[in-house]
There are 2 protein chains.
Amino acid sequence: MSRPSPHDPHHLAGASSNSPSSRSRASPGVSKDISIDDVAEQAGVSVATVSRVLNGHSNVRAETRERVLAAIETSGYRVNELARNLRTAESRLLLTMVPNFGNPFYADIVRGIDSVARQHGYFMLLCDTGADPGRERSYFEMLRRRRADGAICLDPAAAQQALSEELHTLPWVACCEFDADVGVPYVGIDNYRAAGDAVLHLLSRGHTRIALINSGDGYLYAQQRERGYQDALHNAGIAPDPRWRMHLDSLDYEAGAFAAASLMAQADPPTAIFAVSDTLAIGVIKGLRSVGKRVPDDVAVVGFDDISLAAQIDPPLTTIAQPMRELGETAARQLLKRLANRSANVPGVLLPHRLIVRGSA
Amino acid sequence: MSRPSPHDPHHLAGASSNSPSSRSRASPGVSKDISIDDVAEQAGVSVATVSRVLNGHSNVRAETRERVLAAIETSGYRVNELARNLRTAESRLLLTMVPNFGNPFYADIVRGIDSVARQHGYFMLLCDTGADPGRERSYFEMLRRRRADGAICLDPAAAQQALSEELHTLPWVACCEFDADVGVPYVGIDNYRAAGDAVLHLLSRGHTRIALINSGDGYLYAQQRERGYQDALHNAGIAPDPRWRMHLDSLDYEAGAFAAASLMAQADPPTAIFAVSDTLAIGVIKGLRSVGKRVPDDVAVVGFDDISLAAQIDPPLTTIAQPMRELGETAARQLLKRLANRSANVPGVLLPHRLIVRGSA
DNA sequence: TTGAAAGCGCTAACAG
DNA sequence: CTGTTAGCGCTTTCAA
């Protein structure tokens with residue numbers, strides 16, 4: 001998208017006008033709306049011509065274009081995108097649904113989406129669904145009502161599936177949380193292998209009593225990571241104690257702290273903990289400390305995601321890094337591709353993760 | 001907004017239709033769009049009547065209404081909001097501009113805005129400006145182009161002012177970061193008094209060598225808190241050492257850590273630090289630890305905001321709490337008020353802060 | 001209680 | 001290169 005386009009947010013018709021004439025026909029307080037007709041009249045051309053210069057068409061004589069531009073400038077005209085959108089049958093809005101935007105994990109993903117969207121002349125609407133299928137549905141409904149052109153959904157697969165029968169025809173892609181078999185384009189990482197890598201690291205440090213602090217079952221990634229954890233342990237000839245597997249319904253710091261403390265209260269407590277998210281892991285470290293355990297000396301901790309805070313805590317968190325920004329960018333590009341060609345076959349894509357070894361394990 | 005409204009996102013015309021007839025006229029892959037005309041025809045009424053039932057008008061005979069509803073249901077019709085928006089000349093979209101949505105401080109504010117917006121049939125578009133006046137301008141431009149009806153801006157006052165001449169006529173309100181004299185409706189807290197309260201607390205703990213870690217001058221709140229800090233000290237008969245006042249261009253953990261370390265490298269280092277944001281304060285604690293200082297024994301730390309993480313770190317952070325959720329809700333209500341009545345006089349409002357004493361000071 | 005008809009402001013054939 | 005014109009799909013007078 002290199003040439004100036006009508007959808008480029010930076011292509012501001014008359015935006016630099018500070019002249020008082022911008023409000024030439026203003027009645028007290030309210031500035032009267034100027035339409036394309038006014039501009040046409042002022043420039044002595046037809047609305048079609050104005051529309052052409054607005055949209056950067058080349059078939060306008062330079063001199064005419066200047067005249068139109070001047071009229072736009074002095075009148076302070078702004079395109080009415082409501083009208084444009086109706087006419088072109090697109091809203092140029094993309095939805096991004098997250099279960100909880102207080103979770104720092106989403107920040108960079110969302111930035112990635114936003115940046116690609118803007119590059120292509122779209123705006124991104126961030127929607128907090130609270131992982132509630134009802135809320136989620138109401139956002140998908142925006143697609144049907146043409147308030148948005150497409151969506152990227154990071155909600156739990158469970159919530160997605162609750163709607164899936166009716167959702168197949170809608171233009172959206174799943175991000176981070178997806179069911180490869182469901183036929184919706186997706187982008188994410190290989191959660192199974194990533195969890196395995198985390199366990200392998202702990203194993204290589206000599207741990208055998210390794211606990212898993214997982215989130216609830218609504219998330220597919222949770223199941224994938226759990227299988228990765230179990231298989232890695234089995235492959236090492238270790239039969240994991242089921243008491244060491246915890247399932248939490250929250251990713252809050254508190255939840256992690258609580259889980260860690262209750263793990264330590266067991267008879268033969270684990271010497272290492274793999275938490276499926278950094279927020280959880282940070283809580284775990286706090287919980288450990290509160291019951292007098294040192295990290296990593298008494299208990300090693302590995303997290304997941306590599307949020308920016310992970311490097312800041314004490315001790316710095318060893319974790320599996322997800323390429324958040326790329327995840328978002330890729331998802332956005334997939335969606336755009338689907339929008340450009342509704343029948344395009346957009347495949348699922350898996351991006352690489354990597355283990356970041358810091359102080360906690 | 002108690003009666004079903006055309007703008008209630010939960011008022012989903014025909015949303016519960018799962019019948020295959022929803023795609024009755026579908027060609028392979030693409031489902032043909034159904035318009036209000038189709039519904040009218042199918043129900044044997046005029047489009048005007050369909051429109052009336054869509055909008056919950058009472059002047060439709062019950063039997064007719066049923067017929068229309070049935071037609072909507074079986075056809076799987078969805079209102080085209082692009083058309084509706086053009087006709088009613090509103091987009092039902094509100095913008096929220098934040099300088100950096102990775103900053104957890106904004107999470108609850110944004111939730112507050114979102115919740116009030118949704119209650120009133122608006123959607124909220126979250127915009128990350130990066131505190132860049134250019135980006136900010138492009139979002140304000142959306143108002144002029146009618147893509148959004150109003151905006152709430154949390155950007156630095158400096159960025160707002162860069163645009164202020166042209167922005168007076170636009171429907172927006174400033175939140176948290178505002179210049180009361182500029183004539184734009186605002187909501188925030190009394191930063192001057194809040195900073196004073198933080199200092200008073202440190203004073204009451206016996207500290208006299210109190211440092212200030214502040215953000216850059218672009219933020220008005222920074223100046224207000226700095227004055228609060230200075231005056232509180234002066235009133236206690238203390239002349240603060242200028243070397244103890246630091247100005248950072250970032251609110252990152254890293255920045256706080258670095259500032260703390262360099263403070264401690266001074267000849268007569270302070271025994272207490274007041275950081276103007278919790279993220280900074282968390283970094284400060286880490287920085288202190290990295291140079292071998294204990295908190296609060298060697299150095300006391302007070303933060304600002306009371307983000308959820310504040311209670312989780314070690315030691316738990318003493319801080320000034322802002323009523324984030326209420327700030328957002330109030331800002332949204334102010335904006336809505338202004339939208340409902342363009343000439344309404346919407347005053348600025350200050351919400352109460354409070355000191356939360358935890359372990360760090 | 002209902003319908004006919006006039007646009008909302010714009011884009012895109014189509015014709016010149 | 002430019003203008004005329006027909007809508008996009010909806011809401012809303014105005015009349016009946």
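Values below: all heavy atoms of this structure, side chains included; hydrogens, waters and symmetry mates excluded. Everything numeric in this text was worked out from a predicted model, so none of it was measured. Each chain gets a letter, A, B and so on, in the order the sequences are listed, and its residues count up from 1.
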Starting at atom CG of B:Leu82, determine the distance to atom P of C:dT11, rounded to an integer number of angstrom. 13 Å
Does C:dT11 have its OP1 or OP2 closer than 4.0 Å to a side-chain nitrogen or oxygen of A:Arg84? yes
Atom pair distance, as rounded to whole Å: CZ in B:Arg92 and C1' in D:dT11: 14 Å
Atom-to-atom span, CG of B:Asp37 to C1' of D:dG7 - whole angstrom: 12 Å
Is it the case that the side chain of B:Gln160 and the backbone of B:Glu177 share a donor-acceptor pair, with hydrogens and angles ignored and the cut-off at 3.5 Å? yes
Separation of D:dT2 atom C1' from A:Arg65 atom CZ, nearest Å, is 13 Å
Heavy-atom nearest nucleotide on DNA chain C for B:Ala83 versus B:Gly44: which residue maps closer to 5'? B:Gly44
Starting at atom CD1 of B:Ile36, determine the distance to atom C1' of D:dG7, rounded to an integer number of angstrom. 16 Å
N/O donor-acceptor pair under 3.5 Å between A:Asp132 side chain and A:Thr129 backbone: no
Which nucleotide in the set D:dT2, C:dT2, D:dT11 lies at the smallest distance from any side-chain heavy atom of B:Thr49? C:dT2
Go through the structure and list residues passing ring-ring contact (aromatic ring centres under 6.0 Å, His included) with B:Tyr139, not counting sequence neighbours. A:Phe123
Whole Å only: how far is the CG atom of A:Asn85 from the P atom of D:dC10? 15 Å
Check the pair B:Arg147, B:Asn85 against side-chain hydrogen bond (donor to acceptor under 3.5 Å, both in side chains), reporting the backbone distance first and the verdict last. CA-CA 10 Å; B:Arg147 285 199 71 140; B:Asn85 289 344; over 6 Å; no
Rounded interatomic separation in angstrom, taking CG from A:Asp38 and C1' from C:dC8: 14 Å
Do B:Arg92 side-chain atoms and B:His120 backbone N/O form a donor-acceptor pair below 3.5 Å? yes
Pairs: protein N or O with nucleotides 12-16 of chain C N or O, under 3.5 Å:
unit_1	atom_1	unit_2	atom_2	d
C:dA12	O4'	A:Arg87	NH2	3.3

Classify the nucleic acid contact of B:Asn80 as base, sugar-phosphate or nothing, counting any heavy atom under 4.0 Å across all strands shown. sugar-phosphate
Sorted by first residue and then second, give each salt bridge (charged side-chain N to carboxylate O under 4.0 Å, His left out) pair with at least one member in residues 55-64 of chain A; sequence neighbours left out. A:Arg61-A:Glu63
Could you give the CD-to-P distance, from B:Glu90 to D:dG9, as a whole number of Å? 20 Å
Look at the side chain of B:Leu86 and decide which nucleotide, out of D:dG9, D:dT2, C:dT2, has an atom nearest to it. D:dG9
Start with the C-alpha distance between B:Val110 and B:Met124, add both sets of side-chain angles, then the distance that settles side chain to side chain contact (heavy atoms under 4.5 Å, CB included), and finish with yes or no. CA-CA 9 Å; B:Val110 170; B:Met124 190 208 69; 3.6 Å; yes
